[in-house]
Engineer: 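Got a structure for you, questions after.
This is a predicted model, so every value here is computed, not measured.
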Amino acid sequence: MARYNPKEVEPKWRSAWDAHGVFRTRSPEEAAGKPKYYVLEMFPYPSGNIHMGHARNYVMGDVVARFKRARGFNVLHPMGWDAFGMPAENAAMERGVHPKAWTYQNIDNMRAQLKLLGLSIDWSREFATCDPDYYGRQQAWFIELFRQGLVFRKESVVNWDPVDNTVLANEQVIDGRGWRSGALVEKRKLTQWFLRITDYADELIEGLKGLARWPEKVRLMQENWIGKSRGARVSFPFAGHAPAGFDKGLEVYTTRPDTLYGASFVGIAADHPLADQLSRQNPELAAFVEECRKGGATEAEIETAEKKGVFTGLYVQHPFDPNWKLPVWIANFILMGYGTGAIFACPAHDQRDLDFARKYDLPVRPVVLPEGTDPAEFELGDEAYTGPGKLYNSQFLDGLDVEAGKAAAIDRIESLGLGEGATVYRLHDWGVSRQRYWGCPIPIIHCKACGPVPVPAEQLPVELPDDVTFDLPGNPLLRHPTWRHVKCPSCGGEAERETDTLDTFVDSSWYFARFANPKAADPIDKAAADYWLAVDQYIGGVEHAVLHLLYARFITRALTDAGAMSVREPFAGLFTQGMVTHETYKKPEGGWVDPTQVVLETVDGKRSARHAETGESLVIGDIEKMSKSKKNVVAPEEILDAYGVDAGRLFVLSDSPPERDVQWTSGGVEGAWRFVNRVWAEFDALGEAAIPAADEDAAQALRRATHKAIKAVTEGFEGFRFNSAIARLYEFVNTVKSSPVEQTGSAARREALSALARLVAPIVPHLAEEAWARMGESGMAVDAPWPEFDPELAADQELVLPVQINGKRRAEVRVRPGTPEAEVEQIALSDEAVKRHLEGQTVRKVIVVKDRIVNIVAG
RNA sequence: GCGGACGUGGCGAAAUGGUAGACGCAGCGGACUUAAAAUCCGCUUCGCGUAAGCGAGUGUCGGUUCGAGUCCGACCGUCCGCACCA
């Protein structure tokens with residue numbers, strides 16, 4: 001009996017899988033009749049190394065892929081690299097390596113690391129988004145969308161990251177800081193390329209309803225992000241002379257047109273064009289606008305920020321009453337980026353408006369009366385009333401409830417020609433221009449005569465030049481001596497290439513479709529995409545809940561509408577997995593300590609830590625996501641080296657539900673390693689032939705345990721409850737081990753082990769192969785069909801039913817499954833312990849839940 | 001402020017409204033060993049009790065139910081997302 005040696009076993013089986021090409025994806029024809037299943041994990045950025053978080057993500061996907069394979073699905077499980085982006089340029093600037101060399105080197109390194117994990121990936125489909133083969137196709141569809149008007153150019157105020165020297169999308173600004181650099185974002189005016197995601201805003205919200213296998217949380221986050229609101233645009237005509245460009249009045253957006261008769265003033269954002277215009281003549285206004293700009297909508301200072309404003313001196317007319325004049329204020333709480341950047345204020349029914357009105361002593365006029373309130377007694381303190389009620393003080397709206405009032409007000413506004421009902425989104429069009437080198441060149445040529453002209457198809461891909469320098473800040477493409485100087489494809493005149501590159505989120509918004517046929521001449525092979533898409537199970541971190549997952553849904557729709565494929569939702573099932581965390585350790589005087597340097601002890605239930613070398617006692621810190629800065633990182637290689645891949649794969653799945661964070665502990669991985677050995681020991685002890693067991697009852701019990709385990713584990717994998725499935729496997733192994741069926745060659749035992757080898761295969765595939773071979777099976781475990789259970793054997797033959805008296809468990813009775821209620825009642829009532837507890841009481845009622853429980857109500 | 005999730009032993013966690021704590025970690029006891037490691041066996045929610053057993057127990061308070069960790073309401077706490085969104 002030899003101890004299981006993963007260092008020999010694991011590479012052997014990986015080679016065998018390779019040699020037999022078992023993970024090569026089968027075409028629909030080859031797979032004849034098998035249903036397809038597309039499993040995909042969010043592809044990694046090639047940062048240089050696979051860390052434990054990657055490992056957990058890819059192992060989860062691999063368990064699904066292997067399980068579905070065994071269950072008879074034709075599986076697609078590919079891998080690629082999200083390879084464009086800033087870190088490559090940072091490396092170039094810091095270390096002088098070329099971004100391309102750095103990236104491909106990292107890919108080679110990480111591919112090798114991933115392969116060590118024994119993943120069932122079809123590596124023949126691999127690509128990186130920085131391959132000209134890939135980004136050239138991206139340029140092709142970009143041009144197609146440009147022709148369709150989904151790509152456009154406009155000057156706008158953009159988020160400028162002063163550290164990365166580039167523009168960021170709204171989605172990439174977090175608390176006013178760049179998502180990658182962490183630098184405070186500045187506002188700049190630039191002409192940029194945009195994708196018209198707002199055209200799909202409604203559809204993107206509607207589509208969420210059909211995504212039954214997405215986490216509710218992610219659907220909500222997307223819905224909130226798109227932020228649809230219904231209301232009205234209303235123009236307030238200027239009283240007297242209208243400022244230049246505002247002949248039609250000042251257009252505001254409101255969701256409460258029913259409260260128009262409660263209007264008190266009209267407010268505009270500090271960066272509203274009108275504020276701009278007025279502050280040029282009025283230093284007081286200019287000073288206020290400047291103050292707002294500085295305070296910025298950046299930080300959490302918003303929370304404490306006081307409502308502030310300044311009167312412009314202008315008045316507008318109320319839309320329903322030309323004689324009613326409302327003052328126009330510039331206010332710091334109005335955002336240019338939402339609606340029209342202008343509002344009408346109804347202080348009685350909006351908290352911000354009320355705060356403002358109280359501060360500047362503006363009128364507060366209630367127009368919504370809560371149910372059952374006397375109009376004479378209804379007064380407002382410091383809290384606006386935003387609830388339901390009947391409109392009053394409102395002329396033609398009097399007596400209507402809020403919803404009817406909105407409709408009536410919109411009707412009137414429309415008939416007066418002053419506006420219309422409108423839907424407004426928080427979502428803005430997606431700015432995709434980045435002033436960076438290491439990205440997909442935007443395939444446009446700017447010609448003074450012809451304007452922006454797409455690069456002709458035969459000139460694609462527009463490749464990045466290799467000879468660039470990173471010694472100066474800014475975009476190296478701008479400094480390249482020749483690259484951008486070209487002839488206009490339209491008129492042949494002197495022209496310039498666009499030097500901006502695409503946001504890397506564009507690269508990742510269609511890669512899943514390219515995997516259907518990564519060698520296709522077209523960006524997307526329609527037949528292949530229609531066969532494989534949607535992705536049946538997508539797995540990744542929740543940090544992409546809005547960014548990547550929203551962009552991918554949008555691009556999929558856009559490309560489908562352009563005829564490239566047929567699917568509208570790219571990801572039918574989404575699973576967001578938790579992170580891998582680790583306890584942190586620090587020196588009393590500060591400074592983090594690597595876990596490998598820490599010795600842990602438990603004395604009288606108290607845990608303590610000390611430094612392995614210096615003996616210095618350490619502080620046990622919080623459990624946090626593994627990160628280099630906290631030094632609480634355990635590299636996958638260390639684990640593979642010590643315990644083998646399988647133990648590592650087992651542990652990352654065993655200790656927590658997959659959607660939750662899992663805490664890495666050395667004890668936990670040792671437990672997984674013990675399990676691997678316990679499983680192997682059973683196979684190692686196996687005899688050759690199948691002979692009848694000596695003990696028929698024990699054999700039957702083992703068979704029952706086997707079929708129960710198959711049922712439970714199968715259900716666990718189906719339901720993404722890997723930790724529960726693993727617990728059932730531990731239980732099963734304990735049962736097999738302690739079963740008195742000691743004849744290692746008995747039929748019942750062989751059946752148990754045959755099932756065990758296949759049940760553990762998705763999680764510990766190398767061990768499963770070794771076990772399968774030990775059993776003398778022909779072929780590999782990876783190709784073996786999933787075990788089926790016999791429902792009769794999986795069911796209990798005898799049940800232990802608890803008997804409760806007044807809800808307290810007092811006894812238990814043994815019955816066969818399916819015993820009729822009346823019979824169970826009799827058995828329960830005649831039980832000695834039950835009788836004892838019922839002494840001196842009358843039985844009022846007996847509830848028997850078949851095969852579950854007996855509850856006797858007595859008193 | 002708005003929206004959402006969660007709260008169970010020393011720890012990670014299980015429990016279609018039906019025996020709370022499966023499984024694992026840590027701990028304790030034992031076997032094997034000259035010894036240790038490894039391995040194997042047993043115990044391990046808390047309190048009282050030698051034990052059989054009794055009592056308490058899933059953040060707090062209340063409700064629905066024969067029966068609530070699970071459903072409903074209020075509160076407390078933790079985490080996540082959005083945040084002056086008109």
Engineer: If you pin A/Thr255 and A/Asn806 to their nearest nucleotides in RNA chain B, which one's is more 5'?
Structural biologist: A/Asn806

Engineer: Could you check whether A/Tyr730 gets within reach of a base, just the sugar-phosphate, or nothing at all, counting any heavy atom under 4.0 Å?
Structural biologist: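 It contacts sugar-phosphate atoms only.
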
Engineer: Base, sugar-phosphate, or nothing: which does A/His837 touch, judged by heavy atoms less than 4.0 Å apart?
Structural biologist: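 Touches sugar-phosphate only.
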
Engineer: Could you check how far CG of A/Asp655 sits from P of B/A14, rounded to whole Å?
Structural biologist: 10 Å

Engineer: Quickly work out the A/Glu715 CD to B/U16 P distance and round it to whole Å.
Structural biologist: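 Rounding to the nearest Å, CD of A/Glu715 and P of B/U16 are 11 Å apart.
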
Engineer: Assign A/Asn723 to base, sugar-phosphate, or nothing according to its heavy-atom contacts below 4.0 angstrom with the strands shown.
Structural biologist: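 If one applies the 4.0 Å heavy-atom cut-off, A/Asn723 turns out to touch the sugar-phosphate alone, with no base involved.
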
Engineer: How would you label the contact of A/Val849 with the nucleic acid (heavy atoms, under 4.0 Å): base, sugar-phosphate, or nothing?
Structural biologist: base

Engineer: Give the rounded distance in Å between these two atoms: CD1 of A/Ile853 and C1' of B/U65.
Structural biologist: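 After rounding, the gap between these two atoms is 13 Å.
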
Engineer: When the distance from CG of A/Asn677 to P of B/U39 is rounded to whole Å, what number comes out?
Structural biologist: 8 Å

Engineer: Counting only Watson-Crick pairs (N1-N3 plus N6-O4 or O6-N4) and G-U wobbles (N1-O2, O6-N3), all under 3.5 Å, who is the partner of B/G62?
Structural biologist: B/C72

Engineer: Between A/Lys708 and A/Asp796, does at least one N-O distance fall below 4.0 Å, as a salt bridge requires?
Structural biologist: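 Result for this pair is yes, salt bridge flagged.
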
Engineer: Which part of the nucleic acid, if any, lies within contact of A/Val846, taking any heavy atom under 4.0 Å across all strands shown: a base, the sugar-phosphate backbone alone, or nothing?
Structural biologist: nothing

Engineer: Given the side-chain rings of A/Tyr360 and A/Trp329, with only the six-membered ring counted for Trp, is the space between their centroids under 6.0 Å?
Structural biologist: yes

Engineer: Remember a base hit wins even if backbone is also touched, and classify A/Arg674 as base, sugar-phosphate or nothing at under 4.0 Å, heavy atoms.
Structural biologist: sugar-phosphate

Engineer: Describe the nucleic acid contact of A/Leu220 in one word from base, sugar-phosphate, nothing, applying a heavy-atom distance below 4.0 Å.
Structural biologist: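 The answer is sugar-phosphate, as A/Leu220 gets under 4.0 Å only of primed atoms, P, OP1 or OP2.
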
Engineer: Looking at A/Phe651 versus A/Trp664, is the centre-to-centre ring distance below 6.0 Å?
Structural biologist: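 Yes, they do, as the ring centres are separated by less than 6.0 Å.
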
Engineer: Taking the minimum atom-to-atom distance to the side chain of A/Lys737, which one of B/C40, B/A13, B/G18 wins?
Structural biologist: B/C40

Engineer: How far apart are the C-alpha atoms of A/Arg56 and A/Val662, what are their side-chain angles, what is the distance that settles it, and do they pass the side chain to side chain contact (heavy atoms under 4.5 Å, CB included) test?
Structural biologist: CA-CA 9 Å; A/Arg56 192 175 187 221; A/Val662 65; 3.5 Å; yes

Engineer: Quick one: A/Lys808 NZ to B/C66 C1', roughly how many Å, whole number?
Structural biologist: 14 Å

Engineer: Take atom CD of A/Glu383 as the centre, draw a 6.0 Å sphere, and report whether it contains more than 12 heavy atoms from other residues, nucleotides or ligands.
Structural biologist: no

Engineer: Looking only at side-chain N and O atoms, does A/Arg728 come under 4.0 Å of OP1 or OP2 in B/A14?
Structural biologist: no

Engineer: A/Arg219 near the nucleic acid: base, sugar-phosphate alone, or nothing, with a heavy-atom cut-off under 4.0 Å?
Structural biologist: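 It contacts nothing in the nucleic acid.
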
Engineer: Looking for any heavy atom pair under 4.0 Å, which part of the strands does A/Ile726 touch: base, sugar-phosphate only, or nothing?
Structural biologist: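 Nothing, no heavy atom under 4.0 Å.
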
Engineer: Under 4.0 Å between any heavy atoms, over every strand shown, what does A/Ser654 touch: base, sugar-phosphate, or nothing? Just pick one.
Structural biologist: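 Contact class for A/Ser654: none.
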
Engineer: Using the ring centroid of each side chain, check whether A/Phe356 and A/Phe265 are separated by less than 6.0 Å.
Structural biologist: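 Centroid distance A/Phe356-A/Phe265: below 6.0 Å, so yes.
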
Engineer: With sugar-phosphate meaning primed atoms plus P, OP1 and OP2, does A/Thr254 contact a base, only sugar-phosphate, or nothing at under 4.0 Å between heavy atoms?
Structural biologist: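 The residue A/Thr254 makes sugar-phosphate contact but no base contact.
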
Engineer: Would you say A/Arg426 reaches B/C2's phosphate, i.e. side-chain N/O to OP1/OP2 under 4.0 Å?
Structural biologist: no

Engineer: Under 4.0 angstrom, heavy atoms only, what part of the nucleic acid is A/Arg836 near: base, sugar-phosphate, or nothing?
Structural biologist: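 Here A/Arg836 touches no strand at all.
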
Engineer: Whole angstrom is fine here: how far is it from CD in A/Glu731 over to P in B/A15?
Structural biologist: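 So the two atoms are 12 Å apart, to the nearest Å.
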
Engineer: Is A/Arg852 side chain donor-acceptor paired with the B/U16 base, going by distance under 3.5 Å alone?
Structural biologist: yes

Engineer: For A/Asn734, answer base if it contacts any base atom (sugar-phosphate contacts may also be present), sugar-phosphate if it contacts only those atoms, and nothing otherwise; contact means non-hydrogen atoms under 4.0 Å.
Structural biologist: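 Counting heavy atoms under 4.0 Å across all strands, the contact made by A/Asn734 is with sugar-phosphate only.
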
Engineer: Would you say the side-chain atoms of A/Ser264 pair up with the backbone N or O of A/Ala345, donor to acceptor, closer than 3.5 Å?
Structural biologist: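 Judged by distance alone, no pair lies under 3.5 Å.
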
Engineer: Touch check for A/Gly671, heavy atoms < 4.0 angstrom, all strands: base, sugar-phosphate only, or nothing?
Structural biologist: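 Answer is sugar-phosphate: A/Gly671 comes under 4.0 Å of backbone atoms only.
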
Engineer: Looking at B/G81, B/C84, B/A22, which one has an atom nearest to any side-chain atom of A/Met221?
Structural biologist: B/G81

Engineer: Output the rounded distance in Å from CG (A/Leu550) to P (B/G81).
Structural biologist: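 Atom CG in A/Leu550 sits about 17 Å away from atom P in B/G81.
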
